[in-house]
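Everything on this sheet refers to the single structure shown next.
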Amino acid sequence: MAIPVKHVGSNSTRTDPLVSHGRHFGRTIHSFCRIFPLIKEGLSREVQFKAGLLRYTDLSNQELREHHIYKELVEAIPDLGERLLTSAEPEIHYIAEMLNKGSMGACADDTKSLKSVVIDWITPLGGSLSPPLSRNVKTDRGCFHEQTGRLLCPATLNWDDNEIQKQLKTGQIIVSGDNWPFFLYRDHTLNAENLWDGLFQGELLVSAFKHVFTCPSSVEKETRATRAGNAEIHGMRSVTIASLAYISTLVHTLCLGSSAVFSRNDKATDSERFYRSVIEFLETPSETAEVEDLLRWWNV
DNA sequence: CACATCTCCCATCCGTCAGC
DNA sequence: GCTGACGGATGGGAGATGTG
């Protein structure tokens, strides 16, 4: 297998800094994507723009969105744009592979630690879960458990209705679009008069966000951190739409959900579908004002 | 120094799926 | 069915950076 190995630093035993950038890319810019095609096509479009062969208005919405992600990627990593322009295909493959490695690795680590502590967070204060949930096994979560099922249930539905529970278990009801689950709302309750009230301000979401981006111990009142957390390491200043979607998806599918696999196949899996619907929703032009308010709330 | 905390990485395991 | 390749999950641990 001929993989061109081109290390950036002089010390060849260290991992390529691209991996670290890949970690942050996955958490804050975009998850669930094939990085090589993203770069390849983005690069090709850029070249065509410069040559006057292509205009932004020629792109479909999907292409526009992909190109936007490409631009964010290039801007996030110093000298990447320049490097890509002078790289042959094998080198681009290598770059994509390193970024992908980081992106997947971060996701694996976050899932691993979150799915365990999330048990603490959903356990009632001073009480216990009945039946108890295993910290390591997820198969009995999701709709199969009273506590996780209630949190995952779309907020417009009544979890206490047996018929609804049954339909959720059999997959007849799919959570998507503006039918958001309870855990996304502040106090895990829906204000029927204002669907935006408290949306994406759920306590679980906030805890998970701190856990991943600040540091695990910052979730409690006093942080015991002795070193920089992820946000600081990568110079992250503010909460982004993609990072909110990332955390929401982690909690939704990987911590509360029962599915065992965080898949990125071509088939739309639960996690990917959920991620996309969150992003699409938060990027809807008509919701801009509310989203700005939301981000302001997060960034206080 | 011993320890605590945290990020990052690796080796290994396991489920899925195409090709026979 | 069987099998091997592949990719994601998992557990463990190295290394960085702080504290008492």
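Below, each value reflects all heavy atoms present in this structure, side chains not excepted, and no hydrogens, waters or symmetry copies. Only a predicted model underlies this, so the values are computations on that prediction, with no experimental measurement involved.
- A:L59 belongs to a hydrophobic cluster with A:F49, A:L54, A:Y56, A:L64, counting contacts under 4.5 Å between side-chain heavy atoms of Ile, Leu, Val, Met, Phe, Trp and Tyr, direct or through other members.
- Closest to the A:N230 side chain, of the nucleotides B:dC6, B:dC8, B:dC9, is B:dC8.
- Nucleic acid contact class of A:D109 (heavy atoms, under 4.0 Å, all strands): base.
- Contacts with DNA chain B (heavy atom under 4.0 Å) in residues 232-242 of chain A: A:I233, A:H234, listed by number.
- Among the nucleotides B:dT5, C:dG8, C:dT10, the one closest to the side chain of A:M104 is C:dG8.
- For A:Y70, the ring pair (Phe, Tyr, Trp, His ring centres under 6.0 Å) partners are A:H67, not counting sequence neighbours.
- No more than 12 heavy-atom neighbours from other residues, nucleotides or ligands sit within 6.0 angstrom of CD on A:E232.
- Here B:dC6 is the nucleotide among B:dC10, B:dC8, B:dC6 with the atom lying nearest to any side-chain atom of A:P216.
- A:R23 has its CZ atom 12 Å from the C1' atom of B:dC10, to the nearest Å.
- Shown here are the side chain to side chain contact (heavy atoms under 4.5 Å, CB included) partners of A:N194, two or more places apart in sequence or in another chain: A:N191, A:W196, A:D197.
- Scored by the side chain to side chain contact (heavy atoms under 4.5 Å, CB included) test, A:S87 finds A:R83, A:E91, A:I92, A:I95 as partners (sequence neighbours excluded).
- Put simply, the side chain of A:K112 and the base of C:dG12 share a donor and an acceptor less than 3.5 Å apart.
- Taking a 6.0 Å sphere around CG of A:N61, one finds it holds 12 or fewer heavy atoms contributed by other residues, nucleotides or ligands.
- For A:C215, the side-chain atoms get nearest to B:dC6 when compared with the rest of B:dC6, C:dG11, B:dC8.
- Note: CZ (A:R27) to C1' (B:dT7) measures 8 Å, nearest angstrom.
- Here the C1' atom of nucleotide C:dG7 and the CD atom of A:E97 are 13 Å apart, to the nearest Å.
- Atom CZ in A:R34 sits about 12 Å away from atom C1' in C:dG8, given to the nearest Å.
- Summarising the geometry, the separation between NE2 on A:H21 and P on B:dC9 is reported as 12 Å, rounded to the nearest angstrom.
- Straight-line distance from the CE atom of A:M98 to the P atom of B:dC8: 16 Å, rounded to whole Å.
- With rounding to whole Å, A:N100 atom CG is found 15 Å from C:dC6 atom P.
- A:K115 places its NZ atom 7 Å from the C1' atom of C:dA9, with the value rounded to the nearest Å.
- Within the structure, salt bridge (Lys or Arg N to Asp or Glu O under 4.0 Å) pairs that include any residue of residues 70-82 of chain A comprise A:E46-A:K71 (at least two apart or interchain).
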